[in-house]
Amino acid sequence: MTARILDGNALAQRLRADFKTRAEALAARGTRPGLAVILVGEDPASQVYVRNKVNACAQAGFHSERISYPRDVEPQVVFDKLAELNADPAIHGILVQLPLPKHFDSDAVLKAIAPAKDVDGFHAENVGALMQGHPRFIPCTPYGVMKFFADAGIDLRGKEAVVLGRSNIVGKPMAMLLLQASATVTVCHSQTRDLAFHTRRADVLVAALGKARFVTADMVKPGAVVIDVGINRLPDGKLCGDVDFAGVSAIAAAITPVPGGVGPMTITMLLANTLEAAEREVG
Ligand code: GUN
């Protein structure tokens, strides 16, 4: 079997065209969706992510603000800025790029974002709403993964879904969404014994562990749907995922490539959440 390639760029393009139309409809009613992105420090990867987020806003006709601070900024400066953005009617979504420097209490920072503007869905209130099954904002990466399933007509009911990684950003919300879609969900992590035992049982495998080409063909059930959330840089500078694409694509039913799979969908769903926040506000 040669896997069907789930093309994140193509799906993202289709969704973004729809968002642009919806943003224009809102603009005609006097509201332009607005996103504020806060970056603390000079981490090169975070700088790239933030630049891409701001550029995606411009292309979709959204307003955006990028607010950057040096890594040694006093946390109170960021809290004050968040209070200002929470009250700013031109801003519908607020995102603080993670990870924050060590002297920050990340949970406290995320809690300082107004839940109605928390387009990452990381505020404790929004995490709780997702867990209870009525999310206000779905975290962008797992939201993008669910869009792949919907677009490809993959029915998750009763499927064995295995998530590799238990982060608050991907693994945990991904597991909740798969559960909500009636899959049987297993979450594996660094302390899991016999990881391959679990992955070989998976009808749907989501790899979000941050290890280059970790998932090899012998770990995958033939005919599985494989979603690769990893973005790793190889010594030669090339990007690769957590899945050995060449080997696994020969036996999977469907697979997302890296680059061009989950990555473009993450930013697309950030636009979706910002647009939804603006639409909710307008009513
Ligand atoms: N760092 C890595 N992924 C993300 C994300 O989705 N949102 C934020 N805020 N920071 C991140």
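In listed order, ligands and their atoms are each counted from 1.
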Practice task
Report the hydrophobic cluster partners of Tyr49, with the cluster defined as I, L, V, M, F, W, Y residues connected by side-chain heavy atoms closer than 4.5 angstrom, directly or transitively.
Solution key: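 Besides Tyr49, the cluster holds Ile231, Leu239.
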
Exercise for the section: Compute whether any side-chain donor of one residue and acceptor of the other, for Gln76 and Asp80, lie under 3.5 angstrom apart. Expected result: yes

Problem - salt_bridge(Glu125, Arg136) N-O dist < 4.0 Å - result: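 Salt bridge present between Glu125 and Arg136.
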
Practice task
Could you tell me whether Arg280 and Glu276 have a side-chain N and a carboxylate O separated by less than 4.0 Å?
Solution key: yes

Between the protein and ligand 1, which nitrogen or oxygen pairs come in under 3.5 Å, and how far apart is each?
{"unit_1": "ligand 1", "atom_1": "1 (N)", "unit_2": "Gln97", "atom_2": "NE2", "d": "3.3"}
{"unit_1": "ligand 1", "atom_1": "1 (N)", "unit_2": "Leu98", "atom_2": "O", "d": "2.9"}
{"unit_1": "ligand 1", "atom_1": "7 (N)", "unit_2": "Asp120", "atom_2": "OD1", "d": "3.2"}
{"unit_1": "ligand 1", "atom_1": "7 (N)", "unit_2": "Asp120", "atom_2": "OD2", "d": "3.2"}
{"unit_1": "ligand 1", "atom_1": "9 (N)", "unit_2": "Val96", "atom_2": "O", "d": "2.8"}
{"unit_1": "ligand 1", "atom_1": "9 (N)", "unit_2": "Asp120", "atom_2": "OD2", "d": "2.6"}
{"unit_1": "ligand 1", "atom_1": "10 (N)", "unit_2": "Leu98", "atom_2": "N", "d": "3.0"}

Exercise for the section: Would you kindly check if the NZ (Lys) or CZ (Arg) of Arg22 is within the cone defined by 45 degrees around the ring axis of Phe62 and under 6.0 Å from the six-membered ring centre? Expected result: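 Judged by the rule (NZ or CZ under 6.0 Å from the ring centre, within 45° of its axis), Arg22 is not positioned above Phe62.
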
Handout entry: Full working for side chain to side chain donor-acceptor pair (under 3.5 Å) between Arg201 and Thr199
Key = CA-CA 5 Å; Arg201 293 172 50 249; Thr199 59; over 6 Å; no

